[in-house]
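The analysis underlying the following values was restricted to heavy atoms, covering all of them including side chains, and did not include hydrogens, waters or symmetry mates.
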Amino acid sequence: MTATADTDTGRRLITSYLDAVGTLDVAAIPDLFHEDGVLDIPYAPEGIPTTLQGRAAIAEFYSGLPDLVTPMNFASYRINELDVPGEFVAEYTSDASVRTTGLPYRNAYIARVTVRGDRIARFAEFFDPIPLVVALGGSVVPAGL
């Protein structure tokens, strides 16, 4: 496969993942990953796993998403390949609501994505956890205030 084909495959996989999560097409998500693929969410608030490994764990994690939020409506995709083949950075936004609270959830994300062959090997998503905590009905108050 040529470098251009690898880049096209990587961008297509990342776009497919974002489209699937954004529309809550949770059945489509696991097959985009390698069997032992990794989903990292390092800044996830307490109660949300920070690392999931393998298609089964990723499928289980995403199976509950439609009960939690309305479609994420991911938009403003910017996907750039890094100097290392198969390594990408994606930027995107969300506009959703949390079902249990009815509160809006909007955020901006940066993801580091590793693509090997025709699947995602690792998707590491970084976002500000405070908007999620607030949308879930919580609050963040600095100590001493």
Can you find a heavy atom in the side chain of [X] that is under 4.5 Å from one in the side chain of [Y]?
| X | Y | answer |
| --- | --- | --- |
| T93 | D95 | no |
| D31 | R55 | yes |
| L65 | L24 | yes |
| T114 | F88 | no |
| V134 | S139 | no |
| L103 | S97 | no |
| I41 | T51 | no |
| F61 | L39 | yes |

Under 4.5 Å between side-chain heavy atoms, hopping through other hydrophobics if needed: is there a path connecting [X] to [Y]?
| X | Y | result |
| --- | --- | --- |
| I110 | L82 | yes |
| L136 | V133 | no |
| V26 | V38 | no |
| I58 | I48 | yes |

Going through the checks in order, is the side chain to side chain contact (heavy atoms under 4.5 Å, CB included) test met by R99 and T70?
-> CA-CA 6 Å; R99 292 190 189 278; T70 62; 4.0 Å; yes

Checking salt bridge (Lys or Arg N to Asp or Glu O under 4.0 Å) for the pair R122/E87: CA distance, chi angles, key distance, verdict?
-> CA-CA 10 Å; R122 179 175 180 254; E87 297 290 330; over 6 Å; no

Side chains of D25 and Y62, donor plus acceptor under 3.5 Å |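 No, because no side-chain N or O of D25 sits under 3.5 Å from a partner of the opposite role on Y62.
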
Return yes if a side-chain donor-acceptor contact under 3.5 Å exists between Y109 and S94, otherwise no.
->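 Yes, S94 and Y109 have a side-chain donor paired with an acceptor closer than 3.5 Å.
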
If you count the non-hydrogen atoms of other residues, nucleotides and ligands that lie under 6.0 Å from CD in E60, is the total more than 12?
->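 Not more than 12 within 6.0 Å, no.
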
Where is the tightest heavy-atom contact between [X] and [Y], given as atom of each residue plus distance?
| X | Y | result |
| --- | --- | --- |
| Y105 | A135 | CB-CB, 3.8 Å |
| V115 | G10 | CG2-CA, 3.9 Å |
| P30 | A27 | CD-O, 3.7 Å |
| P42 | E125 | CD-O, 3.4 Å |

Show your reasoning for whether side chain to side chain contact (heavy atoms under 4.5 Å, CB included) applies to I120 and V113.
-> CA-CA 7 Å; I120 297 170; V113 186; 4.1 Å; yes

State plainly whether the residues R112 and D40 are in salt-bridge range, i.e. N to O under 4.0 Å.
->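 No, R112 and D40 are not salt-bridged.
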
Nearest 0.5 Å, please: how far is [atom2] in [Y] from [atom1] in [X]?
| X | Y | atom1 | atom2 | result |
| --- | --- | --- | --- | --- |
| D83 | E81 | CG | CD | 9.0 Å |
| R116 | D6 | CZ | CG | 10.0 Å |
| L13 | D8 | CG | CG | 11.0 Å |

Would Y92 and N107 satisfy side chain to side chain donor-acceptor pair (under 3.5 Å), going step by step from the backbone distance to the final call?
-> CA-CA 9 Å; Y92 47 100; N107 218 328; over 6 Å; no

May I ask you to decide if the ring planes of Y43 and F126 are parallel, tilted or perpendicular, using 30° and 60° as cut-offs?
->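 The arrangement is perpendicular - the two ring planes meet at more than 60°.
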
Does the side chain to side chain contact (heavy atoms under 4.5 Å, CB included) test come out yes or no for V21 and F74, once each step is laid out?
-> CA-CA 8 Å; V21 176; F74 285 151; 3.4 Å; yes

Output yes when a side-chain donor or acceptor of R11 lies under 3.5 Å from a complementary backbone atom of I79, and no otherwise.
->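 Yes; judged by distance alone, with no hydrogens or angles, the pair exists.
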
